[in-house]
Amino acid sequence: MAKKGFFSFLYDHFTALPPLATKDLAGKTVVVIGANTGLGFEASKHFARMNPERLILGCRNQSKGERAIARIKMETGYERAELWLIDLLQFSSVQEFADKYEKEGGRLDYLILNAGIIPATQRQETEDGWESCLQVNCLSPSLLALRLLPRMIQTASEHSTAPRLVLVSSLVHYWVSLEDKILNSDKPLHILNDKEYCTKNTMKLRYHHSKLINILFIRALNAHLKNQSITVNTVNPGYCHSDLQRNYTGLSGIFADLSQRIFAISTEEGSRQLVWAALGECDQELGGAYISRSEVTEPSDFVISEEGKEVQEKLWVETLGILGKVDSKVETCIEQYLDH
């Protein structure tokens with residue numbers, strides 16, 4: 001089910017990465033979700049040095065977000081970074097962020113959906129009734145993408161530019177497919193969310209599956225866009241130092257720490273991939289693309305298989321149905337901007 005085995009993984013992580021993509025962002029607006037730490041913070045610093053008119057940091061925590069703003073000012077000299085609160089564990093928080101953007105955000109040139117979690121091996125449920133990793137890594141980013149899609153299309157029309165939406169995925173999607181029980185269901189997300197299905201063993205692969213779902217969502221979104229004036233893609237930052245593995249304890253924690261020390265690239269190096277996905281140029285089609293090492297790369301065999309395409313469409317229909325019930329404005333977006 002994968003083209004990326006262990007030796008390919010080693011090759012990628014012990015060869016030099018391409019340099020940082022740069023661009024004059026004067027007059028433009030960049031939004032980075034999950035911006036106060038890790039990849040999101042490092043990417044935000046890179047964007048700040050390119051002098052955007054607005055740089056909006058979407059963060060869950062007020063004090064941590066304020067510290068990130070202060071560090072960006074100190075390390076880059078950029079003084080216009082803004083802190084907007086958003087908690088992907090709550091659909092209501094995502095809605096509030098989107099509502100605020102409709103009122104105060106103005107144009108939207110680059111949207112980086114970076115926030116994510118690796119769950120504990122025991123299922124944890126959000127107040128919205130979803131397993132936390134499914135909501136944070138999949139449903140909430142999809143909700144925000146759909147709610148802000150009209151503003152990005154409007155930006156393209158009014159400013160004759162080509163906005164980009166980037167959803168951070170991972171190379172771990174190569175290492176999983178989906179069980180027949182999920183493939184054969186018309187509601188795969190509901191099965192993945194089921195308490196009985198979420199055993200300790202299935203939860204060990206939940207992060208991997210969430211990153212696979214990210215890729216399928218972006219491919220579906222690209223395929224259903226009526227207006228191709230914006231580009232949507234996913235990006236693999238590589239295996240890098242981050243806070244994602246903070247939930248690991250005991251032997252798992254020791255192994256995670258050791259593997260990062262041996263194999264991981266720096267967080268700054270990984271963040272370059274987020275920047276390239278937003279700003280990079282190449283001869284290949286970027287719409288719906290999976291990007292790794294600053295180039296368009298073929299995703300897993302499962303993703304491009306007929307089986308993968310079928311479940312991609314099932315996930316798409318199910319996701320729209322779920323989010324349409326969460327937020328009535330999603331229905332408006334579907335009718336106006338998506339071929340469904």
Side-chain angles (χ1 to χ4, degrees), residues 20-21 29-48 50 52 55-61 64-65 68-69 71-72 81-89 93-94 97-98 101 108-119 132-148 152 163-173 207 210-215 217-218 221 231-246 264-280 289-292 294:
L20 175 71
T29 298
V30 181
V31 175
V32 182
I33 303 300
N36 63 278
T37 189
L39 291 166
F41 177 68
E42 293 296 332
S44 295
K45 287 197 296 183
H46 287 313
F47 287 125
M50 301 179 210
L55 173 61
I56 297 172
L57 277 61
C59 306
R60 180 183 178 186
N61 182 282
K64 291 181 180 179
I69 296 283
R71 284 186 60 192
I72 286 173
E82 305 171 34
L83 171 61
W84 288 29
L85 295 181
I86 182 170
D87 185 353
L88 300 187
L89 283 167
S93 179
V94 179
F97 186 98
Y101 208 95
L108 178 51
D109 298 274
Y110 305 101
L111 173 60
I112 316 300
L113 300 170
N114 162 70
I117 59 172
I118 293 178
S132 59
C133 184
L134 277 182
Q135 182 158 339
V136 171
N137 291 13
C138 302
L139 289 171
S140 284
S142 297
L143 174 58
L144 188 59
L146 293 171
R147 281 294 312 275
L148 295 184
M152 300 187 79
R164 287 194 197 174
L165 184 158
V166 178
L167 180 56
V168 178
S169 184
S170 171
L171 60 86
V172 300
H173 89 277
Y207 178 77
S210 73
K211 297 292 104 178
L212 172 61
I213 291 169
N214 287 160
I215 291 172
F217 173 77
I218 286 296
L221 176 58
T231 297
V232 299
N233 59 40
T234 56
V235 62
N236 163 40
Y239 181 52
C240 52
H241 291 276
S242 73
D243 294 330
L244 274 175
Q245 296 177 333
R246 59 184 175 270
I265 60 176
S266 71
T267 311
E268 183 279 323
E269 288 174 309
S271 74
R272 296 180 202 170
Q273 295 306 299
L274 278 61
V275 175
W276 195 95
L279 307 179
Y290 170 70
I291 292 164
S292 185
S294 302

Flag side-chain contact, heavy atom, 4.5 Å: His46 against Leu20: yes

Check: Pro141 and Ile33 side chains under 4.5 Å, non-hydrogen atoms: no

Ile72 CD1 to Phe41 CZ distance, which is reported to the nearest 0.5 Å: 5.0 Å

Closest contact, heavy atoms only, Ser271 versus Ala43: CB-N, 3.6 Å

Main-chain N/O of Ser292 paired with Asn236 side-chain donor or acceptor, under 3.5 Å: no

Donor-acceptor pair, side chain of Glu82 and main chain of Leu55, under 3.5 angstrom: no

Expected output: side-chain Thr29 to main-chain Asp109 donor-acceptor under 3.5 Å: no

Ser93 and Leu85, any side-chain heavy atoms less than 4.5 Å apart: no

Met50/Val30 under side chain to side chain contact (heavy atoms under 4.5 Å, CB included): CA gap, chis, key distance, verdict: CA-CA 11 Å; Met50 301 179 210; Val30 181; over 6 Å; no

Over all atoms of both residues, closest heavy-atom pair of Ala21 and Trp276: CB-CD1, 3.8 Å

Side chains of Cys133 and Ile118 in contact at under 4.5 Å (non-hydrogen atoms): no

For Pro163 against Leu108, the heavy-atom pair lying closest together: CB-O, 3.7 Å

Any residue meeting side-chain hydrogen bond (donor to acceptor under 3.5 Å, both in side chains) with Asn36, in chain and number order, not counting sequence neighbours: none

Mutual orientation of the aromatic rings belonging to Tyr290 and His173 [parallel < 30°, tilted 30-60°, perpendicular > 60°]: perpendicular

Contact check, side chains of Leu165 and Ile218, non-hydrogen atoms, under 4.5 Å: yes

Check: Tyr110 and Val166 side chains under 4.5 Å, non-hydrogen atoms: no

Partner set under salt bridge (charged side-chain N to carboxylate O under 4.0 Å, His left out) for Arg60, not counting sequence neighbours: Asp87

Results of side-chain hydrogen bond (donor to acceptor under 3.5 Å, both in side chains) for Asn233 - residues two or more places apart only: none

Approximate separation, where rounding is to 0.5 Å, of Ser210 OG and Ile117 CD1: 8.5 Å

Residues forming a side-chain hydrogen bond (donor to acceptor under 3.5 Å, both in side chains) with Gln135, sequence neighbours excluded: Thr126, Asp128

Distance in Å, Lys64 NZ paired with Leu83 CG, rounded so as to fall on 0.5 Å steps: 13.0 Å

Inter-residue atom distance Glu42.CD - Thr37.OG1, 0.5 Å rounding: 9.0 Å

Over all atoms of both residues, closest heavy-atom pair of Leu274 and Pro237: CD1-CB, 3.9 Å

Any side-chain heavy-atom pair of Leu113 and Asn214 under 4.5 Å: no

Residues in side-chain hydrogen bond (donor to acceptor under 3.5 Å, both in side chains) contact with Arg164, at least two apart in sequence or another chain: Glu281

Heavy-atom check, side chain of Lys211 versus side chain of Asn137, under 4.5 Å: yes

Side chain to side chain contact (heavy atoms under 4.5 Å, CB included) between Val31 and Trp84, worked out: CA-CA 10 Å; Val31 175; Trp84 288 29; over 6 Å; no

Interatomic spacing from CG in Leu143 to CG in Leu148 - rounded to 0.5 Å: 9.0 Å

Side chain to side chain contact (heavy atoms under 4.5 Å, CB included) involving Ser142 - partner list, sequence neighbours excluded: Phe217, Thr319, Leu323

Leu39 side, atom CG; Ile112 side, atom CD1 - distance, nearest 0.5 Å: 11.5 Å

Full working for side chain to side chain contact (heavy atoms under 4.5 Å, CB included) between Tyr101 and Leu111: CA-CA 12 Å; Tyr101 208 95; Leu111 173 60; over 6 Å; no

Non-hydrogen atoms of Val32 and Gly40 that approach each other most closely: CG1-O, 3.8 Å

Shortest non-hydrogen separation from Thr234 to Ser169 and the atoms involved: CB-CB, 4.1 Å

Evaluation steps, side chain to side chain contact (heavy atoms under 4.5 Å, CB included), between Leu134 and Ile213: CA-CA 9 Å; Leu134 277 182; Ile213 291 169; 4.2 Å; yes

